Trainee: 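Sharing a structure, written as structure tokens. Questions coming.
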Amino acid sequence: GRRCLKLMAAGQADVGTAAETAIAFESFERTDFAVIATFSSTSSDVALVARRASGISSAAELVGKRVGVAKGTAAQYFLDTYLLTHNVDPKGIEVVDLPPEQSLDALVAGKVDAVSVFQPIAYAAAHTKRVDTLVLSDNGGYKQTFNLVAQNALLKTRRQDVEKLLRAISRANDLIRTQPRRAEAILISRLNVEPAFASWAMQRTHVTLALDDGLARILQSQANWAQREGSAPKGRTVDFRTLIDPAPLRAVLPNAVGLPR
């Protein structure tokens, strides 16, 4: 998500996709963009996977252990939420800043005792034969949304194109709901993922276009977390309601917008 937003800011992409955490972090640097729709949600995009050899079978046993996670991402927010839910102080673990694509190799090599990481890497870590692992939790009560984001300048100059894109996504979501096998085959072909993972992920992902006031609250909560953790500048405040533009989605699917005019 953060990579998508950076590409968009650099003018290398017209729109981007991002989860809430990436949007919250980006807002500390700039506010020249807007969320125009949430297009899917899941409670399974991040998982905490541990090495059995490290003697970890519960949240309490993570204390003093090395946990790999990409700092400043939804994976770190998930990790903190999971630990606090199980009455474990996040400061009691050793956080190792680890790019997601290096997580599995680091786990296999014993460089970390556990990883909090995105799919499909988490799925691969949970099912690998290279090392004995277990999934401590695949959701931790954290429901993640994925959102479509666009530069404000684009929304002003290419509004019709943005609406066409939303209509296309709506049709794609309809296909996923009504023809899941066909959608699954497209996912496997386009992203080159394992069929078993594609089936697993499709069953755990809810697809629909929507915008409601809950998104602003989630963004504010994650921004507050980032500031408390020292991962974002303190003292800066953002009104996240101003970073949501419901007009394009309202023009396409009026009933999908639960925000005041």
Side-chain angles (χ1 to χ4, degrees), residues 1-6 18-26 28 42-144 193-194 196-197 200-201 204 221-234:
R2 298 196 73 181
R3 293 175 183 173
C4 289
L5 294 174
K6 295 302 181 189
E20 314 95 340
T21 311
I23 296 169
F25 270 95
E26 192 73 6
F28 289 114
T42 180
S43 295
S44 301
D45 188 59
V46 184
L48 184 57
V49 185
R51 286 171 55 95
R52 289 188 187 273
S54 295
I56 302 169
S57 60
S58 68
E61 291 171 334
L62 286 168
V63 174
K65 296 295 197 297
R66 303 158 300 166
V67 181
V69 63
K71 289 186 176 181
T73 67
Q76 187 183 11
Y77 181 81
F78 162 81
L79 174 62
D80 283 10
T81 301
Y82 171 81
L83 292 171
L84 291 170
T85 299
H86 291 82
N87 299 313
V88 175
D89 185 349
K91 294 187 178 355
I93 68 171
E94 180 185 342
V95 174
V96 179
D97 193 7
L98 193 64
E101 56 271 19
Q102 296 178 19
S103 297
L104 179 54
D105 287 341
L107 197 64
V108 171
K111 295 180 180 179
V112 293
D113 300 298
V115 292
S116 178
V117 67
F118 307 106
Q119 301 296 353
I121 299 166
Y123 184 91
H127 293 82
T128 184
K129 295 181 179 179
R130 298 166 62 193
V131 65
D132 194 11
T133 62
L134 76 160
V135 178
L136 293 178
S137 174
D138 61 2
N139 59 64
Y142 172 40
K143 183 178 181 179
Q144 193 174 9
V193 296
E194 294 182 12
F197 170 74
W200 180 92
R204 290 163 175 78
S221 174
Q222 299 209 7
N224 293 343
W225 163 79
Q227 290 178 315
R228 284 197 308 271
E229 291 300 306
S231 301
K234 294 183 178 180

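All figures in this text were calculated on a predicted structure; none of them were measured in a lab.
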Trainee: As an exercise, state the distance from CD of Gln76 to OG1 of Thr81, rounded to the nearest 0.5 Å.
Mentor: 10.0 Å

Trainee: Less than 4.5 Å apart, any side-chain heavy atom of Phe118 and any of Thr73?
Mentor: yes

Trainee: Give me the atom names and distance for the closest heavy-atom approach of Ala75 to Ser116.
Mentor: O-OG, 2.8 Å

Trainee: Donor-acceptor pairs are to be reported for all side-chain atoms of residues 120-129 against protein atoms at under 3.5 Å, with residues two or more places apart or in another chain.
Mentor:
from   : atom 1 : to     : atom 2 : distance (Å)
His127 : ND1    : Tyr123 : O      : 2.8
Thr128 : OG1    : Arg130 : N      : 3.0

Trainee: Which heavy-atom pair separates Ser44 from Arg204 by the least distance, and what is that distance?
Mentor: OG-CD, 3.6 Å

Trainee: Under the side chain to side chain contact (heavy atoms under 4.5 Å, CB included) rule, what do Val95 and Lys71 come out as? Steps first, then yes or no, please.
Mentor: CA-CA 9 Å; Val95 174; Lys71 289 186 176 181; 3.6 Å; yes

Trainee: Between Leu136 and Ser58, is any pair of side-chain heavy atoms under 4.5 Å apart?
Mentor: no

Trainee: Val63 versus Val88: any side-chain heavy-atom pair under 4.5 Å?
Mentor: yes

Trainee: What's the shortest heavy-atom distance between Arg3 and Glu101, and which atoms?
Mentor: NH2-OE2, 3.3 Å

Trainee: Closest approach of Gly55 and Glu61, non-hydrogen atoms and distance?
Mentor: O-OE1, 3.4 Å

Trainee: Less than 4.5 Å apart, any side-chain heavy atom of Trp225 and any of Thr21?
Mentor: yes

Trainee: In the structure I gave you, are the side-chain heavy atoms of Lys6 and Glu26 within less than 4.5 Å of one another anywhere?
Mentor: yes

Trainee: Within a strict 4.5 Å, meaning less than it, do heavy atoms of the Ile56 and Leu62 side chains meet?
Mentor: yes

Trainee: Between Leu79 and Pro90, is any pair of side-chain heavy atoms under 4.5 Å apart?
Mentor: no

Trainee: Is there a donor-acceptor contact under 3.5 Å from the side chain of Arg66 to the main chain of Ile93?
Mentor: no

Trainee: Would you indicate whether the side-chain heavy atoms of Gln222 and Phe25 approach each other to under 4.5 Å?
Mentor: no

Trainee: With Val67, which of Leu48, Val115, Leu98 fulfils side-chain contact (heavy atoms from CB on, under 4.5 Å)?
Mentor: Leu48

Trainee: Do you know the tightest heavy-atom contact between Val112 and Arg51?
Mentor: O-CD, 3.3 Å

Trainee: Rounded to the nearest 0.5 Å, how far does CD of Glu20 lie from OH of Tyr77?
Mentor: 8.5 Å

Trainee: Which value, rounded to the nearest 0.5 Å, describes the distance between Leu107 atom CG and Asp113 atom CG?
Mentor: 8.5 Å

Trainee: Which residues pass the salt bridge (Lys or Arg N to Asp or Glu O under 4.0 Å) test with Glu194, sequence neighbours left out?
Mentor: none

Trainee: Once rounded to the nearest 0.5 Å, what's the spacing between atom NZ of Lys143 and atom CG of Asp45?
Mentor: 13.5 Å

Trainee: Any chance the side chains of Gln144 and Thr42 put a donor and an acceptor closer than 3.5 Å?
Mentor: no

Trainee: Please check if the number of heavy atoms outside Lys65 that lie under 6.0 Å from its NZ is greater than 12.
Mentor: yes

Trainee: Show the nearest heavy-atom pair for residues Ala223 and Ala24, with the distance to one decimal.
Mentor: N-CB, 4.1 Å

Trainee: Tell me whether the rings of His86 and Tyr82 are parallel (<30°), tilted (30 to 60°) or perpendicular (>60°).
Mentor: tilted

